[in-house]
2 protein chains.
Amino acid sequence: MRLQQSALKTPTRIPSDPLQRAWVALGRVSQSVQCRVEEALKHAGLPELSWYTVLWELERAGKPLRPKDLAIPLFIPPYQLSRLVDRMEAEGLVKRIQCKEDKRGHMLAPTAKGFTLRKEMWAVYAPAMEDAMKRIDDAEALKLAELLNKLGGIEHVNCGDKG
Amino acid sequence: MRLQQSALKTPTRIPSDPLQRAWVALGRVSQSVQCRVEEALKHAGLPELSWYTVLWELERAGKPLRPKDLAIPLFIPPYQLSRLVDRMEAEGLVKRIQCKEDKRGHMLAPTAKGFTLRKEMWAVYAPAMEDAMKRIDDAEALKLAELLNKLGGIEHVNCGDKG
DNA sequence: GAGGTTTGGTTGCGTTTGCAACAATCCGCG
DNA sequence: CGCGGATTGTTGCAAACGCAACCAAACCTC
């Protein structure tokens, strides 16, 4: 009796070539593009993107947020946020506010200085982003976003003023 | 005389909404997908992806490589590669070979153990990649890869056996 | 309302990163 | 040849990360 081919030669399931291509491109391109923007910020003497994102999320929410409500959308583990906030608080960019309803935690709110810094960063971030992405046009960007969101199952958020 | 509008109201150039969407999606999705694969490797008690990539590039090249020839395609700074190789060498996965032509540097080659490990990793990596990417089909993956490559201007490489 | 579990958040500690300085070699040019 | 500059790769040190342990308050159950 013949052995079934499928049962024999599948020691590991191998992603199709298109999937592999997409995977590789995703890793490389996102890294490359991200780096370019980080570089622009650093070159301007500004903090890294994660600081921006914290400030932006707080500003966008329009009200103080619990750390956990930031950690989820930022996709970073709580201990990382905790220390990020330590640093930002030390620079006077955000403040931890005693939380009445739940005495374990606290609320995070941007300070005036934090607000200002976010704007300064956006002034560098926005053009850098545009520059890093200039090789595709709007229609392509839309299609790209659509495919990525399908891949990741994540909904839309924007990232700065007048978006 | 009237001032030109364009000269007046462009304190910062703002990326179009499609561009912003693509940017955000790129960051979030790549991180999410990457994490899932790293997690699978860690869960299997295997080293992180960068180790795989070093081993794979060496194996793919089919001959010993100079560190700089690895650092470029891996898109990591030389000092990072230097330490990565330190660790991998300490585990007996690669070896540094004295280089005749250029006594500053050396060649990197995988050991038998390194070769074996790469295969073990691929057995976990491949299904994890497939799983992380399963929400899009081949046609979409191809389109995605195409758009990403246009965005980043990077050519195709695959990432494992029988690709 | 006492005791166990879950949740929210921080921290100690070892590892990894990033930068800038460094060493060693190679290359080009007078 | 001999010297100045470029290339290749490493390293000391400070900052950041990742894990697991931890604390404290909240919640849940009896």
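Computed from heavy atoms alone, side chains included, the values below leave out hydrogens, waters and symmetry copies. Residue numbers start from 1 in every chain, and the chains themselves are labelled A, B, ... in the order their sequence lines are given, proteins ahead of strands.
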Ion pair check, A:Glu57 and A:Arg60, cut-off under 4.0 Å:
yes
Short N-O contact, A:Glu146 and A:Lys143, less than 4.0 angstrom:
yes
C:dC19, OP1 or OP2 - any side-chain N/O from B:Tyr79 closer than 4.0 Å?
yes
Under 4.0 Å between a side-chain N/O of A:His106 and OP1 or OP2 of C:dT10, yes or no?
yes
Of the residues in residues 87-102 of chain A, which ones touch DNA chain C at a heavy-atom distance under 4.0 Å?
A:Arg96
If you take any heavy atom closer than 4.0 Å to DNA chain C, which residues from residues 36-45 of chain A end up in contact?
A:Lys42
Between A:Leu93 and A:Phe115, is there a side-chain heavy-atom distance shorter than 4.5 Å?
no
Using the side-chain heavy atoms of B:Lys103, tell me which of these nucleotides is nearest: C:dG12, C:dC26, C:dG18.
C:dC26
Please tell me which of the listed nucleotides, C:dC26, C:dG18, C:dT10, lies nearest to the side chain of A:Ser82?
C:dT10
Need to verify one output field. Residue with the more 5' nearest nucleotide on DNA chain D, A:Trp51 or B:Gln80?
B:Gln80
Here's a test of your reading of the structure: between B:Asp69 and A:Glu48, which maps to the more 5' nucleotide of DNA chain D?
B:Asp69
Considering only heavy atoms and no angle criterion, is a donor-acceptor pair shorter than 3.5 Å present between the side chain of B:Arg104 and the base of D:dT8?
no
Any donor-acceptor pair under 3.5 Å joining the side chain of A:Arg66 to the base of C:dG9?
no
Side-chain donor-acceptor pair under 3.5 Å between A:Arg28 and A:Ser32, yes or no?
no
Parallel, tilted or perpendicular: rings of A:Tyr52 and A:Trp56 (30°, 60°)
parallel
